[in-house]
Amino acid sequence: MRNKIPSAIIILALCFAIGPLVCARAWAYPGGPLHDVTDAAPYCAGCHSSVGIEQLRDLPAEQARKRTAAVAHIDAIKAGSGPYAKLTAQQRARLIADVEEVDANSTISIEVPQSVKAGKTFTATVKAQGGSGPVLGIMLLDIDLRDQARPIQGEGFQIQSPPHVVGPDGKTQAQWLERRYDGLARNLNFVVVFGVKTDLAANKFSTASVTYELAAPARRGRYTICAALVYGTEKASPAGTVEIGGHRAPLGGFAGASGRIRFSKVAAIDVQ
Ligand code: HEC
C-alpha cells in the first residue's frame with residue numbers, strides 16, 4: 001500500500017513531463033521542425049527514410065537497406081503493417097503510387113563555381129521542388145552522407161549573410177529567418193520554405209530557391225559542397241492523409257518513415 005502512492009505520483013509526473021513534449025513534437029515534425037531555427041544537418045531527421053542507399057554507404061549493407069524509402073516506407077505500406085492495416089489492398093496500391101510520384105517529382109540541385117580564391121566571396125544557388133507540403137527543408141552541407149554530413153561552415157566556408165529564399169509564389173520569403181530570436185545572426189545553413197502545395201491530380205509541384213553568399217575557406221585545397229532536401233510524401237495523397245485535431249497529418253504517423261532525405265549532386269570546389 002505504502003509504495004502505491006509514490007509510484008502513482010511518479011507516473012502522473014511523467015505524464016505531465018512527457019505529454020506536452022510528445023504533443024509539441026507531433027506538430028513540430030510532420031509540418032517541419034518549426035522551432036529548430038538554427039544550423040542543421042540531416043542526421044536530425046532520424047524518422048525520415050533515404051531516397052537511395054548511397055547516402056548510407058558508411059553503414060553495413062543490411063542496416064542501410066532498412067533505412068531506404070523502398071524498405072522502411074513502401075514495404076511497410078505493402079505489408080499493411082501498423083497504421084496501414086486499415087487500408088484495403090487497393091488503397092495501399094494507390095498510396096504507394098502517390099508517394100512514388102511525389103518522390104519522382106522531388107528534386108534538389110546546387111550550382112557553385114568550380115574554383116574560387118581563398119577567402120573570396122561567391123554564391124551557391126540551391127533549387128528545390130516537390131514534397132507533400134506545407135513546407136520543405138533545405139540544408140547546405142559538405143557531403144551527401146545522411147548521418148555524417150556537416151553544415152557547410154564545418155569545412156571552413158562562412159555564410160556571409162542571411163540566405164535569400166524565393167518561395168513557391170516566386171516572391172522573396174523572410175518568414176523562416178524572422179523566426180530567429182531577438183538579434184541572433186540569421187546566416188543559417190538551414191531554411192524551411194513555406195507555402196508548398198502539391199496537387200498530384202493536376203501534376204503540380206511547388207518550386208523554391210535558396211541563394212547563399214559564401215566566403216571560401218582561408219586554406220587552399222579541394223572541397224566538396226552539396227544540398228539536402230527534407231520533405232514529406234504522404235500528405236500529398238488522399239489515401240495517406242488523416243486529420244488530427246484539425247491538422248492534416250500523415251497516416252503513417254509522426255514516427256513513420258514517410259519523410260525523406262534527398263541530396264543534390266556533390267560539387268567540388270578548388271580553393272586556390
Ligand atoms: C519523430 C520522427 C521525425 C523526426 C525526428 C523528424 N521528422 Fe521530419 N517528418 C516526419 C514525418 C513523418 C514527415 C512526413 C509527413 C508526410 O509524409 O507528409 C516529416 C516531414 C518533414 C518535413 C516536410 C513537412 C511535411 O509535413 O511534409 C520537413 C521539412 C521535415 N520533416 C524536416 C525535419 C528536420 C529538419 C528534422 C530534424 C530536426 C526532422 N524533420 C525530424 C517525422 C520526423
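Read the numbers this way: they start at 1 and go in the same order the structure lists the ligands and their atoms.
- Nearest protein heavy-atom neighbour of atom 14 (C) of ligand 1: Ser258 OG, 3.3 Å.
- Listed by number with element, the atoms of ligand 1 under 4.0 angstrom from any heavy atom of Phe190 are 35 (C).
- For ligand 1, the polar-atom distance check finds an N/O of Ser132 within less than 3.5 Å of one of the ligand's N/O atoms.
- In this structure, Lys86 and Leu251 have side chains that are in contact, with non-hydrogen atoms separated by less than 4.5 Å.
- Those atoms of ligand 1 with a heavy atom of Leu136 less than 4.0 angstrom away are 29 (C).
- Nearest protein heavy-atom contact of atom 25 (C) of ligand 1 is Lys235 NZ, 3.1 Å.
- Looking only at side-chain heavy atoms (C-beta outward), Val191 and Tyr212 come within less than 4.5 Å of each other.
- Ligand 1 places these atoms under 4.0 Å from at least one heavy atom of Asp36: 38 (C).
- Exactly one of Arg146, Arg67, Arg65 qualifies for a side chain to side chain donor-acceptor pair (under 3.5 Å) with Ser50. That residue is Arg146.
- Using a 4.5 Å heavy-atom cutoff, the side chains of Ile269 and Glu155 are not in contact.
- Between Asp36 and Val192 the shortest side-chain heavy-atom distance does not fall below 4.5 Å.
- At a threshold of 4.5 Å between non-hydrogen side-chain atoms, the residues Arg260 and Ser106 do not count as touching.
- Neither the backbone nor the side chain of Val192 comes within 4.0 Å of ligand 1, counting heavy atoms alone.
- Within the 4.0 Å heavy-atom criterion, both parts of Val135, backbone and side chain, lie near ligand 1.
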Show me the donor-acceptor pairs, under 3.5 Å and distance only, between side chains in residues 118-127 and residues at least two apart or in other chains.
none

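- Contact annotation: for Phe254 versus ligand 1, heavy atoms closer than 4.0 Å belong to both the backbone and the side chain.
- Those atoms of ligand 1 that come under 4.0 Å of a heavy atom in Gly253, given as number and element, are 12 (C).
- Residue Cys44 has at least one heavy-atom neighbour below 4.0 Å for each of these atoms of ligand 1: 5 (C), 34 (C), 35 (C), 36 (C), 37 (C), 38 (C), 41 (C).
- The shortest side-chain heavy-atom distance between Leu59 and Asp147 falls under the 4.5 Å cut-off.
- With sequence neighbours left out, Phe263 forms a ring pair (Phe, Tyr, Trp, His ring centres under 6.0 Å) with no residue at all.
- Protein contacts to atom 8 (Fe) of ligand 1 involving N, O or S atoms at a distance below 2.8 Å are His48 NE2.
- In terms of polar-atom proximity, Glu234 is counted as a contact of ligand 1, with an N or O under 3.5 Å from an N or O of the ligand.
- Proximity of Gly240 to ligand 1 is not established, as no heavy-atom distance is less than 4.0 Å.
- Side-chain atoms of Asn105 never come within 3.5 Å of backbone atoms of Gly130 as a donor-acceptor pair (strictly under, hydrogens ignored).
- Ligand 1 lies nowhere less than 4.0 angstrom from a heavy atom belonging to Gly131.
- Partners of Thr88 according to the side chain to side chain contact (heavy atoms under 4.5 Å, CB included) rule, which considers only residues two or more places apart in sequence or in another chain, are Gln90, Gln91.
- Counting atoms of ligand 1 from 1 in the listed order, those under 4.0 Å from a heavy atom of Met139 are 35 (C).
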